[in-house]
Number of protein chains: 2
Amino acid sequence: MKAKNTISQMRRGILEFCIISLLADHEVYTAELIDRLKAANLLVTDGTLYPLLSRLQKSDILQYRWVESESGPPRKYYSLTDEGREVLAELDLSWLDINGSVEQIRRGNKSE
Amino acid sequence: MKAKNTISQMRRGILEFCIISLLADHEVYTAELIDRLKAANLLVTDGTLYPLLSRLQKSDILQYRWVESESGPPRKYYSLTDEGREVLAELDLSWLDINGSVEQIRRGNKSE
DNA sequence: CATGCTACCTTGTAACGCAAGGTAGCATGC
DNA sequence: GCATGCTACCTTGCGTTACAAGGTAGCATG
């Protein structure tokens with residue numbers, strides 16, 4: 001399976017985009033986020049996620065608040081900042097743009 | 001422009017896919033490839049491309065042959081191997097799959 | 001109070017993109 | 001036939017990132 005590496009590059013590329021999208025309407029904590037991503041066929045470990053979330057938080061795209069759990073240690077619930085919403089809007093556009101690029105390249109192949 | 005970094009991650013993710021797609025029907029050498037990618041809105045430098053092409057060639061996805069130029073030094077023209085074609089078929093499917101993931105995540109946001 | 005589960009986080013490694021710098025073939029003009 | 005410049009190839013060093021593995025600590029349960 002030689003394509004494996006290229007495929008995981010593609011998945012990795014959209015990871016941040018998907019996370020930001022997932023946080024658009026709901027506060028979510030890490031384990032929940034992992035489940036949601038898994039449901040969308042994107043496998044991630046928490047060792048990947050923690051640094052990523054903390055990076056996004058330092059960039060003022062995300063914010064969090066501590067919420068006590070009824071069954072265990074407290075959780076950090078993340079949500080988008082206002083700036084995060086602006087970023088998401090840009091990302092949505094870029095995603096369309098990138099889709100366009102890919103389409104163009106694949107169309108090019110077929111017509112020539 | 002905080003989204004910049006995330007956007008370039010997305011672009012980077014599909015770079016290999018686009019290159020393999022572009023080589024599907026035509027032999028191409030590096031400078032030409034850069035132009036084609038630029039036309040599809042993907043900016044790349046040759047310092048990025050050379051290691052990448054050589055990696056793909058070592059994986060037997062690409063092959064090349066030397067072609068003398070009428071106006072300068074000889075060029076390496078790359079094309080897909082048979083195995084490369086199989087990989088491309090897999091990548092096409094994965095691309096659809098990834099699109100599905102993104103769609104699902106964005107749909108999820110809107111309906112909830 | 002010991003065990004286990006859950007949640008947080010850090011460290012080390014390897015891969016990759018990219019800017020910068022380097023080599024060499026070939027054409028052109030003097 | 002030599003100097004200059006263009007084109008094409010390739011390498012090196014740096015910073016970023018994903019990921020596996022390992023670590024800490026709160027809280028519940030028997």
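Order of the sequence lines sets the chain letters (A, B, ...), proteins ahead of strands, with each chain counted from 1.
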S.K.: Rounding to a whole Å, what distance do you find between B/Ile7:CD1 and D/dT16:C1'?
M.R.: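 Taking CD1 of B/Ile7 and C1' of D/dT16, I get 17 Å after rounding.
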S.K.: Any strand is fair game: report the nucleotide pairing with D/dA28 by Watson-Crick or G-U wobble, both distances under 3.5 Å, or none.
M.R.: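 By the stated definition (distances under 3.5 Å), C/dT3 pairs with D/dA28.
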S.K.: Any base atoms under 4.0 Å from B/Ser54, or only sugar-phosphate, or nothing? Heavy atoms, all strands.
M.R.: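 Here B/Ser54 touches no strand at all.
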S.K.: Between A/Thr6 and B/Ile61, is any pair of side-chain heavy atoms under 4.5 Å apart?
M.R.: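 A/Thr6 does not reach B/Ile61 side chain to side chain.
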S.K.: Does any part of the side chain of B/Ile34, heavy atoms only, come nearer than 4.5 Å to the side chain of B/Leu43, both counted from C-beta?
M.R.: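 Counting from C-beta outward, B/Leu43 and B/Ile34 never come under 4.5 Å.
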S.K.: Report the distance from atom CZ of B/Arg75 to atom C1' of D/dA8, rounded to the nearest whole Å.
M.R.: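 Rounded to whole Å, this separation is 8 Å.
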S.K.: Any side-chain heavy-atom pair from A/Ile14 and A/Trp95 closer than 4.5 angstrom?
M.R.: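 Answer yes - side chains close enough.
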S.K.: Could you tell me whether A/Glu16 and A/Arg55 have a side-chain N and a carboxylate O separated by less than 4.0 Å?
M.R.: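 Result for this pair is yes, salt bridge flagged.
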S.K.: Within the distance-only criterion (no hydrogens, no angle test), does the side chain of B/Gln104 pair as donor or acceptor with the backbone N or O of A/Ala39 below 3.5 angstrom?
M.R.: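 Side chain of B/Gln104 to backbone of A/Ala39, a donor-acceptor pair under 3.5 Å: yes, one is there.
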S.K.: Quickly work out the B/Leu43 CG to C/dA19 C1' distance and round it to whole Å.
M.R.: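 So the two atoms are 14 Å apart, to the nearest Å.
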S.K.: Of all the choices, D/dC10, C/dC8, C/dC16, which nucleotide is nearest to the side chain of A/Asn5 once you look at every atom?
M.R.: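 When the side chain of A/Asn5 is considered, C/dC16 is the closest of D/dC10, C/dC8, C/dC16.
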S.K.: Sugar-phosphate atoms are those with a prime plus P, OP1 and OP2; base atoms are the rest. Using that split, label each nucleotide of nucleotides 20-30 of chain C B, S or - for protein heavy atoms under 4.0 Å, 5' to 3'.
M.R.: B----BS----
S.K.: Measure from CD1 on B/Ile14 to C1' on C/dC16 and round the result to the nearest Å.
M.R.: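 So the two atoms are 16 Å apart, to the nearest Å.
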S.K.: For DNA chain D, whose closest nucleotide is more 5', that of A/Glu16 or that of B/Lys76?
M.R.: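 Nearer the 5' end of the strand: B/Lys76.
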S.K.: Whether B/Thr48 contacts C/dC18 is assessed here as follows: a side-chain N or O lying under 4.0 Å from the phosphate OP1 or OP2. Is that the case?
M.R.: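 B/Thr48 to C/dC18 OP1/OP2: side-chain N or O found under 4.0 Å.
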S.K.: Please confirm whether the shortest side-chain N or O distance from A/Arg55 to OP1 or OP2 of D/dA18 is below 4.0 Å.
M.R.: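 Answer yes for this pair, as a side-chain N or O of A/Arg55 is under 4.0 Å from OP1 or OP2.
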S.K.: Can you confirm whether more than 12 heavy atoms, excluding those of B/Asp82, are under 6.0 Å from its CG atom?
M.R.: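 Not buried by this count: 12 neighbours or fewer within 6.0 Å.
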S.K.: A/Ser69 side chain to A/Pro74 main-chain N or O, any donor-acceptor pair under 3.5 Å?
M.R.: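 No.
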S.K.: Who is the Watson-Crick or G-U wobble partner of C/dA15, with both distances under 3.5 Å?
M.R.: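 Partner of C/dA15: D/dT16.
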S.K.: OP1 or OP2 of C/dG17 versus the side-chain N and O atoms of B/Arg12: is any pair under 4.0 Å?
M.R.: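 No, no such contact exists.
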S.K.: For the pair made of CG in A/Leu49 and C1' in D/dC19, what is the distance, rounded to whole Å?
M.R.: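 My rounded result for the distance is 12 Å.
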S.K.: Heavy atoms from C-beta onward define the side chain here; which of C/dA19, D/dC9, C/dT10 lies closest to that of B/Thr45?
M.R.: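 Nearest to the side-chain atoms of B/Thr45, counting from C-beta on, is C/dA19.
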S.K.: Check the distance between D/dT16's C1' and A/Leu52's CG and give it to me in whole angstrom.
M.R.: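 So the two atoms are 12 Å apart, to the nearest Å.
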S.K.: How long is the line joining CG of A/Leu37 and C1' of D/dC19, in whole Å?
M.R.: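 So the two atoms are 15 Å apart, to the nearest Å.
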S.K.: For A/Gln9 and for A/Thr30, locate the closest nucleotide of DNA chain C by heavy-atom distance; then report the residue assigned to the nucleotide nearer the 5' terminus.
M.R.: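 The answer here is A/Thr30.
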S.K.: Who is the Watson-Crick or G-U wobble partner of D/dT11, with both distances under 3.5 Å?
M.R.: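 Across any shown strand, D/dT11 pairs with C/dA20.
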S.K.: Does A/Arg75 pair with A/Glu32 as a salt bridge, N-O distance under 4.0 Å?
M.R.: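 A/Glu32 and A/Arg75: not salt-bridged.
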S.K.: Ignoring backbone atoms, test whether B/Tyr29 places a side-chain nitrogen or oxygen under 4.0 Å from the OP1 or OP2 oxygen of D/dA8.
M.R.: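 So the side chain of B/Tyr29 is within the cut-off, an N or O lying under 4.0 Å from OP1 or OP2 of D/dA8.
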S.K.: For the pair made of CZ in B/Arg11 and P in D/dT17, what is the distance, rounded to whole Å?
M.R.: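 Atom CZ in B/Arg11 sits about 17 Å away from atom P in D/dT17.
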